[in-house]
Amino acid sequence: TIEQKKYLVNGELKDWKGNSTDVFSTISSSESYAKTRLGSIPDMGEPEAIDALNGALGAFDKGKGVWPTMHVKDRIECMEVFVKKMKDKRELIVKLLMWEIGKSLPDSQKEFDRTVEYICDTIEDYKQLDRNSAKFEKHDGVYAHVKRGPLGVVLCLGPYNYPLNETFALLIPAIIMGNTTVFKPAKHGVLLITPLLEAFQSSFPKGVVNIIFGRGRAVAAPIMQTGKVDVLALIGNSKSANALQEQHPKSNRLRLVLGLEAKNPAIILPDADLDLTIDECIAGTLSFNGQRCTALKVLYVHEDIKEKFIKRFSQKVDELKFGNPWDTGAKLTPLPEPGKPAYIQELIDDALAKGAQIKNKKGGQQTDNYIWPAVLYPVSKDMRVYQEEQFGPVIPIVSFSDIEEPLDDMAESNYGQQVSLFGKDVYALSPLIDTLVNLVCRVNLNSSCQRGPDVYPFTGRKDSAQSTLSVHDALRSFSIRTFVAFKDN
Ligand code: G3H
């Protein structure tokens, strides 16, 4: 167990003396997947939150702090020291990813390695950005030294499904651009930050990264209420993002870097290659049990192929292997949120009451912390599973005869992240693709939705995102163009 008693404020690893909250895993090494206690984290409140904020404010020091004024080369050096130290913790962090959030071994390893790669690519992109943007220009007799500068203090809150990778996709670009930060890890996947506390402390000047623990409402709200946060960086749900934004007395001044909900559809046309489509839809709907903002969350299948598709897709779902994250070949793993199986069951019950059926034999079967993915058909707009972002193992299928039907639904949706389009003749599809890119931000041809490779823009329309996160875009999301001008006189 890890009894996490330290937190990082203004360069000091402080000892927490107050109450702690137990951290449980839903995984055990025995055959019953009973709750296992993994350790505890500090249950902090306003005083520690304000302490951390003061650390970040002090390090920014109204723009004259060591970090925001530091030479690019030196900031890069700090980041390189950090990533070196982080690599040494791979084994422990991968283990914690499995135990804390139930992510499979290959996916946990991928999350760690992808994060390291993300940091290294960010460093390279930052060098490039500095070379290209920090330059002298002359227009109409006015010279300017233009560069990208930091925004100030960033409050950073990451999600439980990628507690390392997505959190760092916010934190790292924010830091490297010269901002100072307060970071609160997600509720699940929190102990895995413990091995990195010392690395953060020793790699950066004091106050650049402040790390606190606790419930979002208890620590993030008081920070926002001070009105001293310049950027809210959050990957999670819009309810939390809106609630925090409202706490800020001058919220119109806040820069928002948000990755929020999505309800990415797959549109499956009559001439789609069924084997490929089924494989992609299995991965798209059920990788990490559907707990991905990029997961396929509704499948639109053309009338002409719906029976064939549903039959074969349902069989494949039932053939997936459930197991602990370290079990070879386990595709379905325990769910970290204790209330998730009951929530998924509610969605299933609601759909069944309104006329849907479960098309796969195992659909809805429950153990302590798991519910077998249910393939639901026919799903209609009045069902909760159609309306809500399920973020878990349940797959709604809607059939269509006219392409305008899914297009209308997408236009009416509150979300606009990505879509997957399955069909053979991609050239013939180009007018449709032109329409789809106006409804979402990424169209995946004959492949499931995903965020990576991380150099591509990751964003969304409507309630799905604010700002863009990719290695390239995130540096811009966390900075502003500034310049010093002078005349030739
Ligand atoms: O939760 C949303 C994640 O950004 C999904 O990322 O497509 O790499 O799994 P991914």
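None of the values given here were measured: they were computed from a predicted structure. Whatever order the structure lists them in is the order used to number ligands and atoms, beginning at 1.
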Answer with yes or no whether the side chains of T333 and N289 bring together a donor and an acceptor at under 3.5 Å.
-> yes
Report all protein residues having a heavy-atom distance below 4.0 Å to some atom of ligand 1; order the list by chain, then number.
-> R114, N161, Y162, E166, R292, C293, T294, Q450, R451, F458
Residue pairs involving residues 440-451 (criterion salt bridge (charged side-chain N to carboxylate O under 4.0 Å, His left out); sequence neighbours excluded) | E166-R451
Do E124 and K127 meet the salt-bridge criterion of a basic N to acidic O distance under 4.0 Å?
-> yes
Within 6.0 Å of NZ in K462, more than 12 heavy atoms from elsewhere = yes
N-O pairing of R312 and D275 below 4.0 Å | yes
Taking everything shown except K359 itself, do over 12 heavy atoms lie less than 6.0 Å from its NZ?
-> yes
